[in-house]
Structure formats: C-alpha cells, structure tokens
Amino acid sequence: MSRTSMQGEGKKKSQETAGAKTTPPALPWKVRLQVLVLEVACDLSQRRDGTVNRFLFSLTDRQTRASLRPDARGVRSADVAVDPSRNLWARVYSPAAADQDQGQEAAPLPLIVYFHGGGFVFLSPASKPLDDMSRHFCRELGAVLVSVNYRLAPEHRCPAAYDDCVDVLRFLRTNGLPGDNGVRVDLSRCFLVGDSAGGNIVHHVAQRFTSSAPPPTNNPVRLAGIILLQPYFGGEERTESELRLEGAVPVVNLRRSDWSWRAFLPLGANRNHPAAHVTGEAGPEPELGEAFPPAMLVVGGLDPLQDWQRRYAAMLRRKRKSVRVVEFPDAMHTFYMFPGLPDAGKLVKDVKSFMQTNMPDH
C-alpha cells in the first residue's frame, strides 16, 4: 500500500494510467442516469468559495413526507422533533405488521439509528432515495429505524453533525420512541448504521457514546453493534486506491472529496484532522472505550475510499475490537442506494446476519 503523497506531473501521469486500467462498473441505464443527476447536482451546487447553492441542489433533491399510513412495504413513518432550535429531528420508520401475532403481543424489535451520507453537506432523511432505502431496511431487517436529520456543512462545521447525532441517542435514552408508532422497541438492541459520511459519523458517535457514563438502568440505550457502509475517512496522503480509481469510477473523486473535507472540517484544518483521519498513520489512534461495540464494515472494490476503510478495520483489530469486513469486489461507492443492483440485496442479508449475531439474549 502506497504511503506517499501525490506530487508533480509524474504522480499525475501514474494516476491517469492506473485509472485507465480500471473497468468502470456495468450499471443499468436507470442507475447510470440517477448517478449522473446526483453528480451534476453536487458539482453545480459546490461553489468555489466553499459555500453551497442550496436552492440549486433542491431542484433535484425530491423530498418526501412522513405518513402513518402503511406503504406498499407495510412500513409507516413519523417525524419527531428533538431540538427545534437547531432543526434537529428524526424520521421514525416502523413495520406496521408487527403489532400482533395470533392475539399475542409481538416481541420488541431492535432499533437502528441511521446517519445518512452526502459528504456531510447534502441530503436529509426526507430525500427520496434515502427515504426509500430506510423503508427497505426497516422492512427487510425487521427493525424500527430512526433516520437523523443532523446539521449540514459548511453552514455547520465539525463537530456539529457529531453533536447532533449523539444528542439523538441521549434523547432516545431519556424519552424513548413515540408511543403512537404501534410497536415495542428494545433499546438494548440498538445498532448505529451509516453510509459514507454517515459511516464516519457512526464511528465518532459510538466512540463518544461508549466513553461516557453508563445510561440510566430504567431506559438504557445499549449499542449492540455498528454498521459502516463504505465510511468516509481520509487524510492528506493519497492512497493507492484513490490514485488507481481516480476518474475511472462514478460518485467519488479527489476533487469532490477534497471539497467536502474543506467544507466540513474546522477552518484551517487539513485532512489529517482526527475527524477525517482515524487510522493512526498521521497521529495517535483514537481512544476506544471498553464498551465500543462490534463493527461491520462494508467495502466496495470500485470505491476509491477502500484503502482508508481497510485501514480502519486494521485499527479496530489493533485495539482488540471485533470487526467483520464484508467485501463487494464489483461495487461502486453508494451501491446500496440502488435496489436494482444485485449487491444491494446481498448487503441486506449480511446486515441482518450481523444484527442477529450481536443481539443480546433476553
């Protein structure tokens, strides 16, 4: 694995040559169109001065409403205010068919707290692709899912997103879930799930939450596991996978990634800041408490971020933490957002297996 920075024309030439040898993923035309729209919307919305044209992005960011009426999957949803002063809220998804089983009260369901991707800058739980994915996960995983609307950069830089997501866990610990969702939830079987930037948030929230004082025994939120879907980690170094896949795969490239880090990290910080660089090569490894939960890490073979993700798994192992790495060799970044891709269906089965393995027995 290369540990050198990209410097000069020689590096640029090797980058272009390496990228040319990579075969782009074979995608259905509908997926190619969706990816293209997302890429164009993000690129046009990212201003050179580091701000975002929110209005322009909103033209392609179709929003959905919560509804207590079950959809075709048998899933209903409701929005819950956590802190209106900072527009912190969450959308709660629950399977409507779980209420009763032959006249007996159904067993409590596990809880998924979901942190969405979007480079810390774009999207919300109400964005149509994320709403669809949350409904699918809720139904297929047999869980109540809470999707968090955290504050976005650059208007709210690091650590605002981490603060918001930790506060949602504290809110659940104190208040539980609304009683009108129709199902019981076991807060001791709580899984943090996040994709891309949301995977980064999962790590930092789990680190914070498990290093604090134990929750009150009358309403515990226990992290049974964390699931990081192609998490967004980085550093000043250009890794082998970043160079090899530059310009050859959709969604992630060096320019977009660098822009997002500049928008998210504190002013004046570089990509070796602990929020981005969590694997120990450019500074101390993160301190992980004894209660830091087992992890499932999803890696795509066509994701430029894969080297950082594998380093993350290696760091967890050095810290003697349990980690299961699930590889999808032909998967691009954000493949899970497209249910028509075969790997998206396989992912759900892997997530369900990990959850069942790590649920406490009662």
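Position 1 is the first residue of the sequence, and the numbers go up from there.
- Among all heavy-atom pairs drawn from M355 and A143, the shortest one is CE-CB, 4.3 Å.
- When atom types are taken as modelled, the side chain of E39 and the backbone of P250 share no donor-acceptor pair closer than 3.5 angstrom.
- Across every non-hydrogen atom of A275 and C158, the tightest pair is CB-SG, 3.8 Å.
- Ring geometry for W261 versus Y232: interplanar angle under 30°, hence parallel rather than tilted (30 to 60°).
- Note: F264 and F120 have parallel aromatic rings, judged against thresholds of 30 and 60 degrees for the angle between ring planes.
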Can you list the steps and then say if N358 with F191 is a side chain to side chain contact (heavy atoms under 4.5 Å, CB included)? CA-CA 9 Å; N358 290 282; F191 293 84; 4.2 Å; yes
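- Residue-environment remark: CZ (R62) stays at or below the threshold of 12 foreign heavy atoms within 6.0 Å.
- Screening L228, L305, T279 for a side-chain contact (heavy atoms from CB on, under 4.5 Å) with F233, the sole residue that qualifies is L228.
- With contacts defined as side-chain heavy-atom distances shorter than 4.5 Å, the pair V121/F57 does not qualify.
- Shown here are the ring pair (Phe, Tyr, Trp, His ring centres under 6.0 Å) partners of F338, two or more places apart in sequence or in another chain: there are none.
- The list of ring-ring contact (aromatic ring centres under 6.0 Å, His included) pairs with a residue in residues 267-289, not counting sequence neighbours, reads H277-W308.
- Hydrophobic clustering keeps L123 apart from L59 (ILVMFWY residues linked when any side-chain heavy atoms are closer than 4.5 Å, directly or through intermediates).
- Under the 4.0 Å criterion applied to side-chain N and carboxylate O atoms, E242 and R238 are not assigned as salt-bridge partners.
- Checking R91 against T64 by side-chain atom types alone, a donor-acceptor pair falls below 3.5 Å.
- In terms of heavy-atom proximity, G194 sits nearest to V202 at N-CG2, 3.4 Å.
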D167/Y150 under side-chain hydrogen bond (donor to acceptor under 3.5 Å, both in side chains): CA gap, chis, key distance, verdict: CA-CA 10 Å; D167 285 348; Y150 55 85; over 6 Å; no
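- Closest non-hydrogen pair, A313 versus L297, comes out as CB-CD2, 3.7 Å.
- Clustering ILVMFWY residues whenever any of their side-chain heavy atoms sit less than 4.5 angstrom apart, transitively, puts M337 in a cluster other than the one holding L38.
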Under the criterion salt bridge (charged side-chain N to carboxylate O under 4.0 Å, His left out), I'd like the reasoning laid out for R222 against D186: C-alpha separation, chi angles, the key distance, then a yes or no. CA-CA 9 Å; R222 175 187 174 274; D186 184 352; over 6 Å; no
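- Screening R170, R189, R173 for a side-chain contact (heavy atoms from CB on, under 4.5 Å) with V221, the sole residue that qualifies is R173.
- Contact check for M315 versus P286: side-chain heavy atoms found under the 4.5 Å cut-off.
- Taken from CZ in F328 to CG in D343, the straight-line distance is 5.5 Å, to the nearest 0.5 Å.
- Side-chain contact check for V185 versus L187: some heavy-atom pair is nearer than 4.5 Å.
- Following chains of ILVMFWY side-chain contacts shorter than 4.5 Å, one can reach F354 starting from V351, so the two form part of one hydrophobic cluster.
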Would you please test D307 and R311 for salt bridge (charged side-chain N to carboxylate O under 4.0 Å, His left out) and show each step? CA-CA 6 Å; D307 285 346; R311 290 185 187 185; over 6 Å; no
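- Here the closest non-hydrogen pair linking Q306 and V299 is CB-CG1, 3.7 Å.
- Scanning both residues, Y93 and S147, for their nearest heavy atoms gives CE1-CB, 4.1 Å.
- Taking a cutoff of 4.0 Å between a charged side-chain nitrogen and a carboxylate oxygen, R73 and D71 qualify as a salt bridge.
- Remark: K349 NZ is loosely packed, at most 12 non-hydrogen atoms of other residues, nucleotides or ligands lying under 6.0 Å away.
- Taking hydrophobic clusters as Ile, Leu, Val, Met, Phe, Trp and Tyr residues chained together by side-chain heavy-atom distances below 4.5 Å, V144 shares a cluster with V82.
- Taken from CG in D195 to CG in N200, the straight-line distance is 11.5 Å, to the nearest 0.5 Å.
- Salt-bridge annotation for D79 and R65: absent, with no side-chain N of the basic residue lying under 4.0 Å from a carboxylate O of the acidic one.
- Hydrophobic clustering (side-chain heavy atoms under 4.5 Å, transitive across Ile, Leu, Val, Met, Phe, Trp, Tyr) groups L141 together with V146.
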Let's go through Y114 and L229 carefully: what are the C-alpha distance in whole Å and the side-chain angles of both, what is the deciding distance for side chain to side chain contact (heavy atoms under 4.5 Å, CB included) to 0.1 Å, and is it a yes or a no? CA-CA 11 Å; Y114 196 91; L229 310 179; 4.1 Å; yes
Side chain to side chain contact (heavy atoms under 4.5 Å, CB included) assessment of Q63 paired with S58: CA-CA 9 Å; Q63 298 286 290; S58 71; over 6 Å; no
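- Counting only heavy atoms from C-beta outward, the side chains of P125 and H116 approach each other to under 4.5 Å.
- With a 4.5 Å cut-off on side-chain heavy atoms, Q230 and V251 do not count as touching.
- H333 and S196 form a side-chain donor-acceptor contact under 3.5 Å, judged by distance and modelled atom types alone.
- No side-chain heavy atom of Q309 sits under 4.5 Å from any side-chain heavy atom of V325.
- Electrostatic pairing of D131 and R135 counts as a salt bridge here, judged by a charged N lying under 4.0 Å from a carboxylate O.
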Criterion side chain to side chain contact (heavy atoms under 4.5 Å, CB included) on L88 and R151, from CA distance to verdict: CA-CA 7 Å; L88 178 56; R151 288 172 292 174; over 6 Å; no
